[in-house]
Trainee: 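Structure provided below as structure tokens; questions to follow.
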Amino acid sequence: MTIGQTARIERVGGEGALRQHLLDMGVIPGAVARVVKFAPLGDPMEIKIHDYELTLRLADAKQIDVELTEAVDKTKEDIAPRHEHPGLGEGGRFHMKGDGDPLPDDTVLTFALVGNQNSGKTTLFNTLTGSNQHVGNFPGVTVDRKDGPIRGHASTMVTDLPGIYSMSPYSTEEIVSRDFVLKDKPTGIINILDATNIERNLYLTMQLLEMGIPMVVALNMMDEMRENGGTVDINGMEHMLGVPVVPISAANNEGVDELVEHALHVAHYREKPLRQDFCDENDHGGAVHRALHAVSHLIEDHAVRASLPVRFAASKVIEGDERIMEQLALDDNEKDMIEHIVLQMEKERGLDRCAAIADMRFAFIGKVCTSCVRKPKESKERTRSEKIDRILTGKYTAIPAFIGIMGIVCFLTFNVIGAGLQWVLEQCITLLSDAVNNALTYAGANEVLHGLIIDGIFEGVGSVLSFLPVVVCMFFFLSLLEDSGYIARVAFVMDKMLRRIGLSGRSVVPMLIGFGCTVPAVMSTRTLPSERDRRMTILLTPFMSCSAKMPIYAFFVDAFFPRYKALILIGLYVLGIAVGLMIAFIYRKTLFKGEAVPFVMELPNYRMPRTGNVVRLLWEKAKDFLQRAFSVILIATIVIWILKSFDIHFRFLTDSTDSILADISGLLSVVMRPAGLGDWRICTSLISGFMAKESVVSTLEVLFEESIADSMSAITAASLLVFSLLYTPCVAAVAAVKRELGAKWAAGMVVWQCVVAWIAAVIVQLIGKIL
Ligand code: GDP
Ligand code: MG
């Protein structure tokens with residue numbers, strides 16, 4: 001197919017979870033898809049289906065049989081009459097509130113916040129609870145659940161869950177969400193939909209309704225919808241879905257109070273969704289309808305025993321969901337009967353079981369949309385996104401644009417904004433340090449105390465603290481890129497390249513986040529659908545220089561190579577990536593044989609990053625950095641200062657070559673000598689760097705009496721830079737890896753990275769000798 005062609009899907013091939021995922025994303029027989037573009041390297045492609053954009057690899061697209069059709073006339077689809085919009089904050093007031101069967105007044109009402117990725121769950125969660133969770137315009141920003149009470153309602157608890165497209169789990173995070181709804185049994189569900197993308201979002205809603213848990217639908221992004229002239233007949237939709245529907249704009253805090261009121265009400269009075277039955281008895285002779293009802297009756301007793309919602313279990317059984325089958329514990333006879341029913345349905349409907357169920361759901365959604373939704377004309381956001389995409393994912397412009405954007409980010413961070421602010425902060429710290437120094441001398445403070453405060457704490461913590469602006473700056477730009485939706489495009493553009501090393505485009509995200517901090521990067525790998533990809537990505541993220549290593553780079557580059565500052569800084573980042581790629585090749589041939597999983601991902605519209613979100617994130621990061629500076633780094637500095645200032649007989653020393661520290665590090669320095677890092681002070685700084693990377697600098701500041709630039713050769717500095725780039729990530733990151741992969745992998749990673757770093761540093765030494 002070529003760009004711009006439209007085709008009707010005839011058959012969806014393939015098997016297993018991927019196929020189910022494709023069906024759940026709306027790639028079903030009968031749906032009409034248009035080819036939007038191909039990635040710059042020719043693969044994957046982007047298609048538009050049900051009015052949203054999806055990425056698909058060519059190899060997977062081959063599994064889908066299509067027949068070319070005429071492009072569908074837009075105006076014909078728009079048969080919904082124009083309804084006056086009830087307006088934000090007042091819609092949904094017509095919902096009939098019942099008052100039977102209330103829960104005892106003191107029960108804690110628990111709510112699950114469920115919705116597609118990028119529908120605004122985290123934004124709503126922050127508005128509801130007043131907390132500061134990270135918001136991002138990229139699938140996979142929320143990877144773990146977070147809880148908090150609704151503001152002003154103490155006995156409530158809302159849980160922000162990772163975004164899911166359907167109740168058939170495809171990746172680890174989807175399992176988190178599904179298990180929460182099935183096993184933790186919240187008293188209510190708040191299902192948040194992106195109103196501008198209502199067709200796909202409703203797919204999940206229908207599966208949630210089947211759960212029989214009290215639920216409200218929050219129609220988010222109504223501000224965008226309204227601006228573009230779209231309307232939703234709220235009351236009509238409420239009638240069709242049988243649950244309260246509340247139009248909101250989470251970002252502008254419109255309609256949220258109304259939502260809370262409805263949510264509390266349905267949960268308190270245990271109002272179940274009024275409708276769970278979406279199959280139409282007239283649809284293609286009602287084959288699906290009859291099968292669903294037959295199976296429902298057949299498994300009813302098993303479902304009750306396994307405490308699964310009957311209707312949900314029935315559709316899952318028809319789809320052939322193994323986990324649910326197991327939980328139901330059906331006997332062989334029943335299984336046979338179900339198989340016969342399903343076979344009959346497939347025959348009558350002319351579709352296989354999974355496609356038939358997905359088709360039934362989309363048929364109902366189609367009805368809801370034609371009668372209740374008037375789509376926005378051509379949304380401003382969409383047109384704008386297409387324009388921006390023409391450059392950022394264009395055939396010839398995409399990669400230069402990526403390099404350019406990253407270049408600008410580095411330039412602004414290291415040369416202009418970050419560095420400027422850093423200078424200011426350094427001056428302040430020096431002033432303060434001098435003032436304290438004078439005060440101590442004036443007060444005639446004890447020599448040891450004086451040394452500890454000035455040479456220990458001020459030198460050490462101060463040197464780290466001055467990097468705060470650079471680090472915050474880096475996070476600022478990363479969050480802009482993420483919030484705007486660009487990172488999803490990077491994944492799309494890079495997919496083919498990453499496939500060479502056995503990964504998929506999705507792995508780009510953890511890696512880019514890794515430039516900020518390895519801990520969230522490792523956590524964000526939970527969005528990857530395959531365990532193999534996840535392992536491999538986790539092991540690769542530490543090779544992306546995290547922001548804590550920046551102080552080390554900046555410090556040494558300033559001291560030794562000021563003339564080539566930008567070049568060397570970028571060079572270090574590139575070296576990290578290059579080594580990472582090499583390692584990936586090795587992994588692929590040894591530990592992780594096989595192919596990366598398919599790449600099916602939604603490309604969200606570009607959105608203006610919200611100031612509130614960005615400020616919140618920066619504040620979080622700055623706080624985090626300060627906390628580290630005044631906890632781990634402060635303690636490390638003090639301990640190291642003490643160890644270097646006393647000998648084993650605890651005598652205060654002026655020359656630290658006899659200190660306890662020198663004795664300890666002496667052992668390590670034997671190993672480090674070939675790498676040119678045999679100096680015991682350097683060894684010590686590397687050990688403390690394991691606690692927190694920034695403390696490599698603070699430790700050196702404490703240990704070297706004279707200026708570091710005079711007492712170290714440039715080659716040693718280069719070795720040290722390369723070694724710190726590659727050696728084991730800090731404790732926090734190792735702990736994160738341990739959480740994800742287990743202790744064995746984490747320990748293996750620490751040792752392995754130290755070995756790699758050592759080899760690289762030795763190579764630097766050899767090169768240095770030749771030059
Ligand atoms: P999640 O993936 O569902 O947690 O979604 P997020 O809360 O991270 O939000 C995704 C994107 O949608 C972010 O860029 C938000 O700024 C944006 N967003 C969220 N709510 C609204 C809204 O009500 N109106 C508009 N225009 N944008 C919103
Ligand atoms: Mg989120």
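Both counts, for ligands and for their atoms, begin at 1 and track the order of listing. All of these numbers come straight from a predicted model, not from anything done at the bench. Along the sequence shown, residues are numbered consecutively beginning with 1.
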Trainee: N/O to N/O below 3.5 Å, does that happen between Gln117 and ligand 1?
Mentor: no
Trainee: Taking only residues at least two apart or on different chains, which pairs with a member in residues 398-410 satisfy side chain to side chain donor-acceptor pair (under 3.5 Å)?
Mentor: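 Matches after skipping sequence neighbours: none remain.
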Trainee: Parallel, tilted or perpendicular: which one describes the rings of Phe362 and Tyr203, with boundaries at 30° and 60°?
Mentor: parallel
Trainee: Please check if the side chain of Lys185 supplies one atom and the backbone of Leu182 the other of a donor-acceptor pair under 3.5 Å.
Mentor: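 Checked: pair present.
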Trainee: For the residue pair Val246 and Val217, establish whether any side-chain heavy-atom pair is separated by less than 4.5 Å.
Mentor: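 No, every pair of side-chain atoms sits at 4.5 Å or beyond.
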Trainee: What are the atoms of ligand 1, with element, lying closer than 4.0 Å to any heavy atom of Ser249?
Mentor: 22 (C), 23 (O), 24 (N)
Trainee: Near Asp223, which atoms of ligand 1 are under 4.0 Å from a heavy atom of that residue?
Mentor: 22 (C), 23 (O), 24 (N), 25 (C), 26 (N)
Trainee: Can we say Arg607 and Glu224 salt-bridge, meaning some charged N sits less than 4.0 Å from an Asp/Glu carboxylate O?
Mentor: yes
Trainee: Looking only at heavy atoms of Gly115, does any of them come nearer than 4.0 Å to an atom of ligand 1?
Mentor: no
Trainee: Kindly confirm or rule out an N or O of Ile248 lying under 3.5 angstrom from an N or O of ligand 1.
Mentor: no
Trainee: How far apart are the C-alpha atoms of Thr205 and Asn191, what are their side-chain angles, what is the distance that settles it, and do they pass the side-chain hydrogen bond (donor to acceptor under 3.5 Å, both in side chains) test?
Mentor: CA-CA 7 Å; Thr205 306; Asn191 174 215; 2.6 Å; yes
Trainee: With a 4.0 Å cut-off on heavy atoms, is Ala250 in contact with ligand 1?
Mentor: yes
Trainee: Can you name the atoms of ligand 1, numbered from 1 with element, that are less than 4.0 Å from a heavy atom of Glu224?
Mentor: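 Here the atoms of ligand 1 in question are 26 (N).
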